[in-house]
Asker: 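One structure, as structure tokens, below. Some questions next.
Whatever order the structure lists them in is the order used to number ligands and atoms, beginning at 1. Worth saying up front: this structure is predicted, and the values here are computed from it rather than measured.
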Amino acid sequence: MDNYHEQFRPQFHFSPKEKWMNDPNGLVYNDGIYHLFYQYHPEDTVWGPMHWGHAISEDLITWKHKPIAIFPDELGDIFSGSIVLDITNSSGLGSEDNPPLVAIFTYHLIEGEKGGRTYHQTQGIAFSLDNGDTWIKYDANPVLKNADIKDFRDPKVFWYDETKQWIMILVAGDHTKFYKSDNLKNWTYLSDFGKEVGAHGGVWECPDLFKLKVKDTGEEKWILLISINPGAPNGGSGTQYFIGNFDGKRFVADHDDIKWIDVGADNYAGVTYNNTPNEKRIFIGWMSNWYYGQKTPTKNWRGSMTLPRELSLIVEDGVYFLESKVIDSFNNQLSNVFEEKCINLENPFNLKHQNFNQTEIKFITNLSKGIQLEFKNGKDEYLLFYIDPSKKEMSLDRRKSGLVGFENRFADSLHTFPYKVLDKEVDIRIIVDWSSIELFIDNGKYVMTEQIFPTVFYNILQISSVDSISIKNFKLNSVKSIWKEQTKKLIKN
Ligand code: FRU
């Protein structure tokens with residue numbers, strides 16, 4: 001029975017009740033509610049004709065499932081996109097008293113052509129007058145036709161206050177295109193970005209563009225997120241970002257180097273919320289990878305989301321980068337199990353706990369010293385994370401972490417990423433759910449998100465250091481399941 005405790009079911013990450021899920025879509029806040037729509041195939045646990053599934057939350061941590069929001073029609077299946085609150089009713093689809101939520105998505109139409117099968121992508125809109133419960137398709141869709149481009153999708157729309165216009169950014173294979181509109185129905189082409197810059201190991205997908213103030217200086221910059229598949233640093237799908245400027249027409253990047261929002265293998269197609277209170281930039285990604293996402297060993301559902309993360313823009317020695325921090329409301333799920341001011345690692349430190357697959361671990365260490373963490377169970381399965389200053393590298397090793405053989409590329413290599421070795425004390429935050437680990441190092445400057453499938457819970461954590469260092473402010477917290485209410489209800493029925 002589906003009771004949210006099936007093997008591998010994330011206990012505090014969003015996953016659909018059943019069947020297949022990929023990208024987050026239409027992330028929007030309205031009237032006290034955070035909406036999470038998502039790419040959904042209600043018929044199977046692998047990808048198929050896409051619908052928009054739907055869930056809502058007040059705190060972005062505990063979710064309530066809603067009925068499927070948007071269904072395929074004769075123009076095609078419903079691929080990824082975004083939602084805006086049309087507060088002035090510029091679209092005329094609602095009224096000034098009841099401004100509509102407008103969803104802008106890609107229609108994906110499979111066509112038989114000369115014996116083969118090709119696809120065709122256009123952009124359509126739908127609106128809701130009851131805060132996302134029911135959706136009506138606009139009767140003159142598509143609002144943006146395809147100019148003979150194969151991959152032409154994933155529109156992200158936002159309000160650009162300086163020119164009082166809607167801006168749409170979408171991907172077209174190896175670059176992005178920008179459009180503007182006064183009413184969300186008629187779109188005018190503005191510019192292209194990206195052919196010659198950034199990572200190009202695969203097709204560009206799921207763009208996002210937003211402004212952030214640099215922490216401490218207040219300077220404003222524009223951030224462009226681009227998911228790319230394949231071509232990520234640890235194989236398959238990943239999300240790069242650019243920092244630069246947008247003038248209402250054109251985006252220009254400030255740098256030539258390639259930046260990744262997360263260097264783990266399982267954070268893809270992530271975008272941020274429109275219309276959040278306090279202008280917070282909250283990001284959610286699909287916690288999987290197209291290399292093996294359709295083969296992971298879950299049974300009646302497949303796919304989960306990362307924890308929501310607030311993004312901030314930092315400058316250090318003239319270099320700009322994003323920091324990701326799990327949103328504060330996550331802390332309400334925590335209760336302390338163990339803490340220690342100082343742990344001396346002259347000898348390995350062993351901590352037992354019945355279930356590390358529902359915990360948060362935090363401590364302070366120095367980036368110039370080596371340290372290793374190993375989660376284990378009694379089945380010879382282990383998950384390793386280590387910081388190696390001699391190689392200027394951090395690594396996550398899931399090659400023996402549990403079930404790994406469902407697809408070769410899940411565990412064919414050690415996952416590493418370079419870091420800047422500094423004599424600096426930093427915080428390490430590790431969040432482990434039944435089938436994932438999220439690592440946030442130095443305030444979320446380095447982030448790594450990966451799936452794991454241990455056949456039984458990890459129950460030992462061993463921490464060791466070749467440099468015999470001490471770590472400070474160690475905390476082990478257990479994380480409450482977000483599905484308690486659902487489980488209770490299901491058991492009653
Ligand atoms: C990214 C993606 C999008 C597309 C959707 C289809 O994972 O390929 O580009 O809109 O998934 O489900």
Asker: If you take the centroid of each ring, where Trp contributes its six-membered ring, are Tyr40 and Trp301 closer together than 6.0 Å?
Answerer: no
Asker: Check whether any side-chain heavy atom of Trp204 sits under 4.5 Å from a side-chain heavy atom of Ile226, and report yes or no.
Answerer: yes
Asker: Assess the pair Phe242 and Trp222: is the distance between their ring centroids shorter than 6.0 Å?
Answerer: no
Asker: Checking a contact table here: which protein heavy atom is nearest atom 8 (O) of ligand 1, and how many Å away?
Answerer: Glu205 OE2, 2.8 Å
Asker: May I ask you to list the atoms of ligand 1 that are less than 4.0 angstrom from any heavy atom of Met50?
Answerer: 12 (O)
Asker: Please work out which of Asn229, Val171, Asp154 has its closest non-hydrogen atom nearest to atom 3 (C) of ligand 1.
Answerer: Asp154
Asker: Any sub-3.5 Å donor-acceptor pair from Asp247's side-chain atoms to Lys249's backbone N or O?
Answerer: yes
Asker: Can you confirm whether more than 12 heavy atoms, excluding those of Glu58, are under 6.0 Å from its CD atom?
Answerer: no
Asker: Numbering the atoms of ligand 1 from 1, which are under 4.0 Å from a heavy atom of Trp290?
Answerer: 1 (C), 7 (O)
Asker: So is Trp286 touching ligand 1 or not, going by heavy atoms under 4.0 Å?
Answerer: no
Asker: Side chains of Leu403 and Phe8: closer than 4.5 Å at any heavy-atom pair?
Answerer: yes
Asker: Passes side-chain hydrogen bond (donor to acceptor under 3.5 Å, both in side chains), Asn22 versus His41? Steps please.
Answerer: CA-CA 9 Å; Asn22 55 293; His41 183 204; over 6 Å; no
Asker: Judging by distance only, is a nitrogen or oxygen of Tyr268 under 3.5 angstrom from one on ligand 1?
Answerer: no
Asker: Among all protein non-hydrogen atoms, which one is nearest to atom 6 (C) of ligand 1, and what is the separation to 0.1 Å?
Answerer: Gln39 OE1, 3.1 Å
Asker: Which protein non-hydrogen atom lies closest to atom 1 (C) of ligand 1, naming both residue and atom, and how far is it?
Answerer: Asp23 OD2, 3.0 Å
Asker: Is it true that Thr106 lies under 4.0 Å from ligand 1, counting heavy atoms only?
Answerer: no
